[in-house]
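First up is the structure itself, then whatever we jot down about it.
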Amino acid sequence: MAGSIGGNNAHAANVVTAIFIATGQDPAQNVVSSNCITLVEPWGPNGEDLYISCTMPSLEVGTVGGGTILPAQSACLDMLGIKGSNIQEPGENANRFANIICGTVLAGELSLLAALSAGHLVKSHLKHNRISTSSK
């Protein structure tokens, strides 16, 4: 896949790490939790539609304990509607959280792949590069 050398996704680790820090997860767990397979394939009756999916089989998240009790991180979990434990359905908040993360990774994958295929990624890096080529 374009954007990944020897991997199965474009940049899942960037998204996972940002969400982990914002919600009080252990950022070191991004190594395992960023395991992601992104599939992009033609779809529909004529193969003219696009089907994109992300599978994240080892996403480790929690909504109680650890860094989730910190004020800012707790507020982020609250905004997502998954703060703390779910009394009626134990584990459901963690399941919803994993779905939120995977959906966010999917959006990032689609965005990056679109930028790569249109040539916008390289152009924007060259345009906004802080190091001038004339200063080398």
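All figures in this text were calculated on a predicted structure; none of them were measured in a lab.
Here the straight-line distance linking atom CG of Asn35 with atom CE of Met56 works out to 8.0 Å at 0.5 Å rounding. Remark: Thr17 OG1 to Asn30 CG distance equals 3.5 Å, nearest 0.5 Å. For the atom pair CD1 of Ile87 and CD of Glu92, the computed distance is 13.0 Å after rounding to the nearest 0.5 Å. Within the model, atoms OG of Ser33 and CD of Gln25 stand 8.5 Å from one another, a figure rounded to the nearest 0.5 Å. If you take OG1 on Thr38 and CD1 on Ile52, they are separated by 6.0 Å, rounding to the nearest 0.5 Å.
Side-chain atoms of Arg96 come within 3.5 Å of backbone atoms of Gly81 as a donor-acceptor pair (strictly under, hydrogens ignored). Judged purely by atom type and a 3.5 angstrom limit, Thr63 uses its side chain to pair as donor or acceptor with the backbone of Gly84. Glu60 places no side-chain N or O within 3.5 Å of a backbone atom of Gln29 that could act as its donor or acceptor partner. Put simply, the side chain of Asp26 gets close to the backbone of Ala28: a donor and an acceptor are under 3.5 Å apart. Between the side chain of Glu109 and the backbone N or O of Ala10 there is at least one donor-acceptor pair closer than 3.5 Å. The backbone N or O of Leu112 sits nowhere less than 3.5 Å from a side-chain atom of His11 that would complete a donor-acceptor pair. Panel note: side chain Asn99, backbone Asn95; a donor-acceptor pair is recorded below 3.5 Å.
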Run the side chain to side chain contact (heavy atoms under 4.5 Å, CB included) test on Leu59 and Val61 for me, step by step, so that the C-alpha distance in whole Å, both residues' side-chain angles and the decisive distance to 0.1 Å come before the verdict. CA-CA 6 Å; Leu59 189 52; Val61 295; 4.2 Å; yes
Any chance you could lay out the side chain to side chain contact (heavy atoms under 4.5 Å, CB included) test for Leu80 and Ile100, step after step, and finish with the verdict? CA-CA 9 Å; Leu80 294 170; Ile100 290 166; 4.2 Å; yes
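Annotation for Cys36 and Asn9: closest pair O-ND2, 3.1 Å, computed over non-hydrogen atoms. When every heavy atom of Asn93 is checked against every heavy atom of Lys83, the shortest pair comes out as ND2-O, 3.6 Å. The shortest heavy-atom contact between Ser34 and Ala12 is O-CB, 4.0 Å. Annotation for Pro27 and Phe20: closest pair CA-CD2, 4.3 Å, computed over non-hydrogen atoms. Among all heavy-atom pairs drawn from Gly65 and Thr68, the shortest one is O-OG1, 2.5 Å. Across Thr23 and Phe97, no two heavy atoms sit closer than the pair OG1-CZ, 3.2 Å.
Hydrophobic clustering (ILVMFWY, side-chain heavy atoms < 4.5 Å, transitive): Ile101 and Leu77 are in one cluster. Residues Leu50 and Leu113 are members of one and the same hydrophobic cluster, defined by side-chain heavy-atom contacts under 4.5 angstrom among Ile, Leu, Val, Met, Phe, Trp and Tyr.
Tested against Ile19 for a side-chain contact (heavy atoms from CB on, under 4.5 Å), the candidates Thr104, Asn14, Val105 yield a single pass: Thr104.
Looking only at side-chain heavy atoms (C-beta outward), Leu110 and Leu106 stay at 4.5 Å or farther from each other. For the pair Leu39 and Tyr51, the minimum side-chain heavy-atom distance is 4.5 Å or more.
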